[in-house]
Amino acid sequence: MNRLSAAPAAPAASASAVPEGTWGHEPRRPRVARGASRDDVGWVKAHGGAGVTSLVEVLGGVDVGARWPDPRRGEPRRVVLVGRTSAHGLRAVSHALKALDEGHAPPGLDLLCVALVADAPGLLPLSLLRRVRVIRSIARVRRVPWIAEWRVDGRLRRVPPQLARLGDLVGAGTGREGGAR
């Protein structure tokens, strides 16, 4: 079990008691991840545009949105938190990890890793690399490189090694070529 696996949830607070801007608290009732099972991998986006849709298309699993899934409702218990490598994305990942660490998640979750999707080609600036190191000090991190095909047509000609390793971690069984399951 990961160090950040969810502790028993605190008693549910009313929506008005949740500070505005708190990660994972959507103003509307959370949607059920349709077709999900506890054995699927739940992809949790730390922010909009994190890359969850692209990862689900290639690696499978369930896009549960910007909230922690609830295994008691039949949703995935194994999760991957996804964010971009931009300053905004890394801050959002940190907020989500803090929420998980403080018990603001349903019990029984297993955080497999944090997937950091490149927000641009090339190397990260030192300031962002330092933030990645901080995140890496508290959770397993998998980096997903810049994938130009996702920008153009969405079809991968070849699965990059980093993406294949993420697939191995979540049990996706991707091939090294073709990209689709």
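Both backbone and side-chain heavy atoms feed into the values below; hydrogens, waters and symmetry mates do not. On a predicted model such as this, the values are computed, not experimentally measured, just so you know.
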>> For V64 versus P76, what's the shortest heavy-atom pair and its separation?
In response: CG1-CD, 4.4 Å

> Does any non-hydrogen side-chain atom of V134 lie less than 4.5 Å from one of I138?
Replying inline: no

>> Is there a side chain to side chain contact (heavy atoms under 4.5 Å, CB included) between R151 and W146? Walk through the geometry before answering.
In response: CA-CA 9 Å; R151 192 173 200 198; W146 176 258; 3.7 Å; yes

>> Less than 4.5 Å apart, side chain to side chain, heavy atoms only: is that true for R143 and L124?
In response: yes

>> I need the L128 CG to L90 CG distance, nearest 0.5 Å.
In response: 6.0 Å

> What pair of heavy atoms forms the shortest contact from A96 to L81, and how long is it?
Replying inline: CB-CD2, 3.7 Å

> Any donor and acceptor pair, going by atom type alone, linking the side chain of R158 with main-chain N or O of L156 inside 3.5 Å?
Replying inline: no

> Are any non-hydrogen side-chain atoms of L166 and L59 less than 4.5 angstrom apart?
Replying inline: yes

>> Applying side chain to side chain contact (heavy atoms under 4.5 Å, CB included) to V114 and L97, what does each step give before you reach the verdict?
In response: CA-CA 9 Å; V114 174; L97 288 172; 4.1 Å; yes

> Can you find a heavy atom in the side chain of S86 that is under 4.5 Å from one in the side chain of R91?
Replying inline: no

> What is the distance from atom CZ of R157 to atom CD of E149, rounded to the nearest 0.5 Å?
Replying inline: 5.5 Å

>> I want to check something: taking the side chain as every heavy atom from C-beta on, are L116 and V144 in contact at a cut-off of under 4.5 Å?
In response: no

> Does the pair C113 and V141 meet the rule for a side chain to side chain contact (heavy atoms under 4.5 Å, CB included), with working shown?
Replying inline: CA-CA 5 Å; C113 71; V141 171; over 6 Å; no

>> So which atom in R78 and which in V170 form the shortest heavy-atom distance, rounded to 0.1 Å?
In response: NH2-O, 3.5 Å

> Does some side-chain heavy atom of L111 sit less than 4.5 Å from a side-chain heavy atom of L100?
Replying inline: yes

> Once you round to the nearest 0.5 Å, how far does OG1 of T85 lie from CZ of R131?
Replying inline: 11.5 Å

> Is there side-chain contact between L163 and L55, with at least one heavy-atom pair below 4.5 Å?
Replying inline: yes

> When rounded to the nearest 0.5 angstrom, what is the spacing between CD1 in I135 and CZ in R130?
Replying inline: 14.5 Å

> Can you name the nearest heavy-atom pair linking P69 to L109, along with the distance?
Replying inline: O-CD2, 3.4 Å

> Any donor and acceptor pair, going by atom type alone, linking the side chain of W68 with main-chain N or O of A99 inside 3.5 Å?
Replying inline: no

> Is the closest side-chain heavy-atom distance between T53 and W43 below 4.5 Å?
Replying inline: no

>> Working to the nearest 0.5 angstrom, can you tell me the gap between D63 CG and E57 CD?
In response: 10.0 Å

> Which pair of non-hydrogen atoms, one from G83 and one from A46, has the smallest distance, and what is that distance?
Replying inline: CA-CB, 4.5 Å

>> Apply side chain to side chain contact (heavy atoms under 4.5 Å, CB included) to residues V117 and V82 and explain how you reach the verdict.
In response: CA-CA 7 Å; V117 180; V82 182; 3.9 Å; yes

>> Testing the basics here: between R84 and A50, what is the closest heavy-atom pair and its distance to 0.1 Å?
In response: NE-O, 3.4 Å

> Any ion pair linking E75 and R67 (charged N to carboxylate O, less than 4.0 Å)?
Replying inline: yes

>> For the CG atom on L126, are there more than 12 heavy atoms of other groups (residues, nucleotides or ligands in this structure) within a distance under 6.0 Å?
In response: yes

